[in-house]
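What you are looking at is a predicted structure, and each value in this text was computed from that prediction instead of being measured.
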Amino acid sequence: MTDEAANRSARAAVPTILNAVVDVTGVAPVAGEIPPAVQQLCFSYSDMSIHVARQSLTDFATTLLSRPTASTIVTANVDVHGSWVDFGQPSQRVLSTPNAGGPSIMSEALSAELMDRLFGIRKILTETEVKYSTHGPITDYACYSATSQALGVSVTRAMAYGRRFTTKDAIRLMLKKVHGVNKSNKSVENYKFERQILHVWAANGTDAAIVRRVCAKIPGYIRSNTIILITTVNMDSVFASN
């Protein structure tokens with residue numbers, strides 16, 4: 001096994017990605033296949049590879065499942081092999097259900113696909129299926145994880161049209177999105193978020209690093225228990241308008 005190998009094949013591996021490095025489901029972790037010295041993990045599928053540091057995956061898993069009031073910032077990379085993605089049932093529902101007018105349905109669908117492979121999605125409510133008591137920020141989709149957690153996921157893109165993405169852009173974007181998560185937590189009617197994941201897509205490592213630095217400076221009382229997942233991806237349609 002190479003230093004980046006923790007390879008899984010097909011969808012049988014989907015619910016076990018988090019379990020690959022920590023015991024998150026009460027069953028023996030499959031980390032026996034991954035030597036402790038391997039710090040950079042690569043989960044390979046026919047359509048994509050998911051690259052993540054062992055520590056980042058551990059932080060994501062423990063915060064998601066064992067630290068209900070904590071926030072964390074996690075980074076990962078998705079390398080799509082070509083232009084085809086084997087979308088599962090949750091992401092297909094996102095693609096086939098009308099959204100609330102956001103600019104990129106593909107960013108939301110690929111987000112749902114990544115979440116499904118990370119922790120398994122048992123049920124998903126799309127953007128227009130989640131109801132709110134007041135007009136304001138909304139969550140892109142809600143889901144029950146394989147471990148029965150009720151999660152909300154807000155998806156955004158770190159990008160600027162026709163120019164480089166800057167720190168000022170990141171500050172404006174992330175403060176808006178984090179405040180939006182907090183407001184949607186309070187106004188949701190037909191679902192009870194245990195916590196939300198703010199999923200940020202970036203086109204390259206430079207933009208992802210800018211977002212991470214900005215997020216690290218947002219006070220904890222504002223971030224609340226939101227998990228911020230920053231993911232680079234090489235798929236142009238994620239950053240295109242519908």
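- Between Phe43 and Tyr45, a ring centre-to-centre spacing not shorter than 6.0 Å is recorded.
- Here the closest heavy-atom approach between residue Ile222 and residue His179 is recorded as CG2-CE1, 4.0 Å.
- Counting only heavy atoms from C-beta outward, the side chains of Val178 and Asn182 approach each other to under 4.5 Å.
- Leu64 places a side-chain heavy atom less than 4.5 Å from the side chain of Leu151.
- The backbone N or O of Trp201 sits nowhere less than 3.5 Å from a side-chain atom of Asp207 that would complete a donor-acceptor pair.
- Counting only heavy atoms from C-beta outward, the side chains of Ser49 and His81 approach each other to under 4.5 Å.
- Counted within 6.0 Å of CG on Asp236, heavy atoms from surrounding residues, nucleotides or ligands total 12 or fewer; the atom is thus considered open.
- Atoms CD and OG1, on Glu108 and Thr97 in that order, are 11.0 Å from each other to the nearest 0.5 Å.
- Annotation: salt bridge (charged side-chain N to carboxylate O under 4.0 Å, His left out) contacts involving residues 159-173, sequence neighbours excluded, comprise Arg163-Asp169, Asp169-Arg172.
- Val78 and Ile228 are not part of a single hydrophobic cluster, where members link through side-chain heavy atoms under 4.5 Å apart.
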>> Quick one, Tyr141 with Tyr191, criterion ring pair (Phe, Tyr, Trp, His ring centres under 6.0 Å). Give me CA distance, side-chain angles, the key distance, then yes/no.
In response: CA-CA 11 Å; Tyr141 60 91; Tyr191 198 85; over 10 Å; no
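- Between Ala216 and Ile73, the shortest heavy-atom contact is N-CD1, 3.6 Å.
- Put simply, CZ on Phe165 and CG on Leu173 are 5.5 Å apart, with the number rounded to the nearest 0.5 Å.
- Going from atom CD1 of Ile230 over to atom OG1 of Thr75 covers 7.0 Å, rounded to the nearest 0.5 Å.
- Interatomic distance, Glu113 CD to Met48 CE, rounded to the nearest 0.5 Å: 5.5 Å.
- Residues passing the ring-ring contact (aromatic ring centres under 6.0 Å, His included) test with Phe239, sequence neighbours excluded: none.
- Distance NE2/His51 to CD/Gln40: 10.0 Å, rounded to 0.5 Å.
- Of all the heavy atoms in Arg157 and Val238, the pair that sits closest is CD-O, 2.9 Å.
- Among all heavy-atom pairs drawn from Val188 and Asn185, the shortest one is CG1-O, 3.7 Å.
- In this structure, Ile138 and Ser184 have side chains that are not in contact, with every pair of non-hydrogen atoms separated by 4.5 Å or more.
- Counting all heavy atoms, side chain and backbone alike, Tyr132 lies closest to Thr139 at OH-N, 2.7 Å.
- Nearest heavy-atom pair, Val200 versus Met174, reported as atom, atom and distance to 0.1 Å: CG2-CE, 3.7 Å.
- Within the structure, side-chain hydrogen bond (donor to acceptor under 3.5 Å, both in side chains) contacts touching residues 214-230 (residues at least two apart or in different chains) are Ser71-Arg223.
- Ser148 OG to Glu194 CD: the interatomic distance, rounded to the nearest 0.5 Å, is 9.0 Å.
- Cluster membership for Met159 and Leu198, using ILVMFWY side-chain heavy atoms within less than 4.5 angstrom, is not shared.
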